[in-house]
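Notes for the one structure printed next.
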Amino acid sequence: MSSQDLPGQPHIAYRGNELFSEEMRLSDLAKQHGTPLFVYSKSAMLSALAAYQRGFAGRKVQICYALKANPALGVIQVFAQAGCGFDIVSGGDMDRVLAAGGQADKIIFSGVGKTRAEMRRALAAGVGCFNVESEAELEVLSDVALSMGLRAPVSIRVNPNVDPQTHPYISTGLKSSKFGVAHERVVPTYQRAAKLAGVRVVGIDCHIGSQITQEEPYLDAIDRMLDLVEAIEAAGIPIQHIDFGGGLGINYNGDTPPSADDLWKKLLARLDTRGFGKRQLMIEPGRSLVGNAGVCVTEVLYLKPGEQKNFCVIDAAMNDLPRPALYQAFHQIVPLSPRPDTPATWDVVGPICESGDWIGHERALAVQPGDLLAVLSAGAYCMSMASNYNSRGRAAEILVDGKQSHVIRQRESIADQMRGETLPPCGRTSGSSA
Ligand SMILES: *Cc1c(COP(=O)(O)O)cnc(C)c1O
């Protein structure tokens, strides 16, 4: 097997018969830290970021990493040090950015359900922009800011009603979606915002979906956004920045998304044609910056050949890698040290008591119990959606930087899991008498 067999992952490759992340042999990391184990390549993240930076060369742009893709402090720090801002969706996300050295004024606060408490804390911290998703939220934000003697910088998230042609659960820019303000309500919402004493209009934004592999949805969304900017400005409300959200897909299984630099060269040409090329721009990529930087290393526990199906039971499960159960998503699964034997066909499944706990269906693998496998493209929306289902502690995370590796999150212990739980005093049940 050679590195060409691994989709879109120049930093994860075989050397001889051993899979490496940068200069680190993955089996060594597994021996040292146990499995399941997430391993992220720093240079893969920085090279994904560099593609965006090339695409935007010479433009005014703020790249805001959408940290819900992977909110590990060690990952946030990589992007903070590279000058990124951050797209957050909760107060907890904000605390993570600040703890990892990110700047508050480069934070965009997105999400349909911000609480008053989150708004207050974000205003106190001085976040750069609130991406507001409804008229009701706008009124509340204005109230909260006024009560603090502040004006909240706002952008209205518009719903451009374009189909990103991705999985329905990660399509966000359709009319039927809970996200954003409907196209026809956008100008009235800006007019309302302009009259509110507690907000200050600074921008406009959209985010049409995730794992988008075609450029047309972006081109459509940009045209619709620019139509709106023209209409809003014609109503006398200046728009300083235009934020196009995230959503660019990655190669999981032969997917062919446009590269970030090619896509943005095209999109910027469209902006130039329409006279918006000099505007302050923002983007919020998540998956495309981290997805293919990460793998999840897991051990084969048991082989269960059967009449109808062969099961390969591994020690990673849907609580570690929720995307197959959630979206029927495909992750490539490869051995750390390929065997020369003829492969058999296996359903690769985890130990959780759910039939939905599968990681890959009908995979050709030559495996034995004790072998180590890598689930590829596991840098985004895996650990960030991990849970403790079946009382499983969450996996450890390692950041690889050349010949060095750092534990950026320890494996979660059972004590970690039970912290905060208490047993009510066990005495007599009420009603019984002595
Ligand atoms: C999830 C999200 C992103 C990032 O999406 P990716 O598909 O990971 O690039 C960006 N902006 C908003 C508002 C989001 O909700």
Side-chain angles (χ1 to χ4, degrees), residues 45 48-49 51-52 55 61-72 75-76 79 84-90 92-94 97 106-114 122 127-134 137 154-160 162 164-174 177-181 203-215 217-218 221 225 241-252 255 257-260 263-264 267 281-294 322-323 326-327 329 377-385:
M45 294 181 209
L49 176 64
Y52 280 101
V61 67
Q62 177 66 62
I63 300 174
C64 294
Y65 168 55
L67 71 138
K68 75 175 192 284
N70 188 327
V75 171
I76 295 172
F79 292 112
C84 288
F86 296 90
D87 176 69
I88 65 167
V89 288
S90 71
D93 272 357
M94 182 181 83
V97 169
K106 289 187 185 173
I107 292 177
I108 293 172
F109 194 168
S110 299
V112 289
K114 304 174 194 78
V127 305
C129 186
F130 289 82
N131 285 3
V132 171
E133 301 229 11
S134 65
E137 181 194 338
V154 297
S155 158
I156 307 293
R157 175 166 175 183
V158 306
N159 184 338
V162 300
Q165 293 165 17
T166 181
H167 189 281
Y169 286 7
I170 47 176
S171 295
T172 53
L174 283 165
S177 159
K178 71 175 176 182
F179 298 101
V181 171
I204 187 169
D205 66 283
C206 72
H207 171 70
I208 56 174
S210 200
Q211 185 53 19
I212 301 170
T213 54
Q214 289 159 339
E215 59 189 39
Y218 279 105
M225 287 276 279
H241 76 245
I242 309 177
D243 173 354
F244 294 104
L248 181 59
I250 61 170
N251 180 359
Y252 284 101
D255 306 290
S259 67
L263 176 69
W264 278 101
L267 299 181
L281 304 173
M282 308 255 202
I283 53 164
E284 307 166 353
R287 186 192 312 269
S288 53
L289 292 180
V290 292
N292 270 339
R323 298 186 63 258
L326 203 51
Y327 318 114
S377 310
Y381 302 109
C382 292
M383 259 308 270
S384 62
M385 294 200 287

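Quick note: numbers below take in every heavy atom, side chains included, and nothing from hydrogens, waters or symmetry partners. Just follow the structure's listing: the first ligand is 1, and inside any ligand the first atom is 1. Here, residue 1 is the first one in the sequence, and each next residue gets the next number.
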- [ ] Can you sort out which atoms of ligand 1 are near Ser110, meaning under 4.0 Å from one of its heavy atoms?
- [x] 13 (C)

- [ ] Take Tyr65 and Val75 through the side-chain contact (heavy atoms from CB on, under 4.5 Å) test and state the conclusion after the steps.
- [x] CA-CA 10 Å; Tyr65 168 55; Val75 171; 3.8 Å; yes

Task: Per atom 14 (C) of ligand 1, closest listed option by heavy atom (Lys68, Arg287, Arg157, Glu284) - done: Lys68

Open item on the list: Tell me whether Tyr381 has any N or O atom under 3.5 angstrom from an N or O of ligand 1.
Closed with: yes

Task: Ligand-residue contact atoms, ligand 1 with Ala66, heavy atoms, under 4.0 Å - done: 3 (C), 4 (C), 10 (C)

Task: Test item: Ser384 side-chain N/O and Pro71 main-chain N/O as donor-acceptor pair under 3.5 Å - done: no

Task: Step-by-step side-chain hydrogen bond (donor to acceptor under 3.5 Å, both in side chains) determination, Ser288 to Tyr52 - done: CA-CA 10 Å; Ser288 53; Tyr52 280 101; 2.7 Å; yes

- [ ] Look at ligand 1 and say whether Phe179 reaches it with a heavy atom at a distance under 4.0 Å.
- [x] no

- [ ] May I ask you to identify the nearest protein heavy atom to atom 9 (O) of ligand 1, giving residue, atom name and distance to one decimal place in Å?
- [x] Gly247 N, 2.8 Å

Open item on the list: Is it the case that ligand 1 has an N or O less than 3.5 angstrom from some N or O of Gly286?
Closed with: yes

- [ ] State whether the shortest distance between N or O atoms of Gly246 and N or O atoms of ligand 1 falls below 3.5 angstrom.
- [x] no

Open item on the list: Quick one: does any side-chain atom of Asn159 pair with a main-chain N or O of Phe179 as donor and acceptor, under 3.5 Å?
Closed with: yes

Open item on the list: Taking a cutoff of less than 4.0 Å between a non-hydrogen atom of the residue and any ligand atom, is Pro285 in contact with ligand 1?
Closed with: yes

Open item on the list: Among all the protein's non-hydrogen atoms, which is closest to atom 3 (C) of ligand 1, and how far away is it?
Closed with: His207 CE1, 3.3 Å

TODO: Decide side-chain contact (heavy atoms from CB on, under 4.5 Å) for Asp205 and Arg157; before the verdict, give the C-alpha distance in whole Å, the side-chain angles of both, and the deciding distance to 0.1 Å.
DONE: CA-CA 5 Å; Asp205 66 283; Arg157 175 166 175 183; 3.2 Å; yes

Task: Verdict with reasoning, Ile212 to Tyr218, per side-chain contact (heavy atoms from CB on, under 4.5 Å) - done: CA-CA 9 Å; Ile212 301 170; Tyr218 279 105; 3.9 Å; yes

Task: Full working for side-chain contact (heavy atoms from CB on, under 4.5 Å) between Ser210 and Arg287 - done: CA-CA 8 Å; Ser210 200; Arg287 186 192 312 269; 2.8 Å; yes

Task: Heavy atom of the protein closest to atom 7 (O) of ligand 1 (residue, atom name, distance) - done: Ser210 OG, 2.3 Å

- [ ] Measure from NZ or CZ of Lys114 to the centre of the six-membered ring of Phe130, then state whether that distance is under 6.0 Å and the direction lies within 45° of the axis.
- [x] no

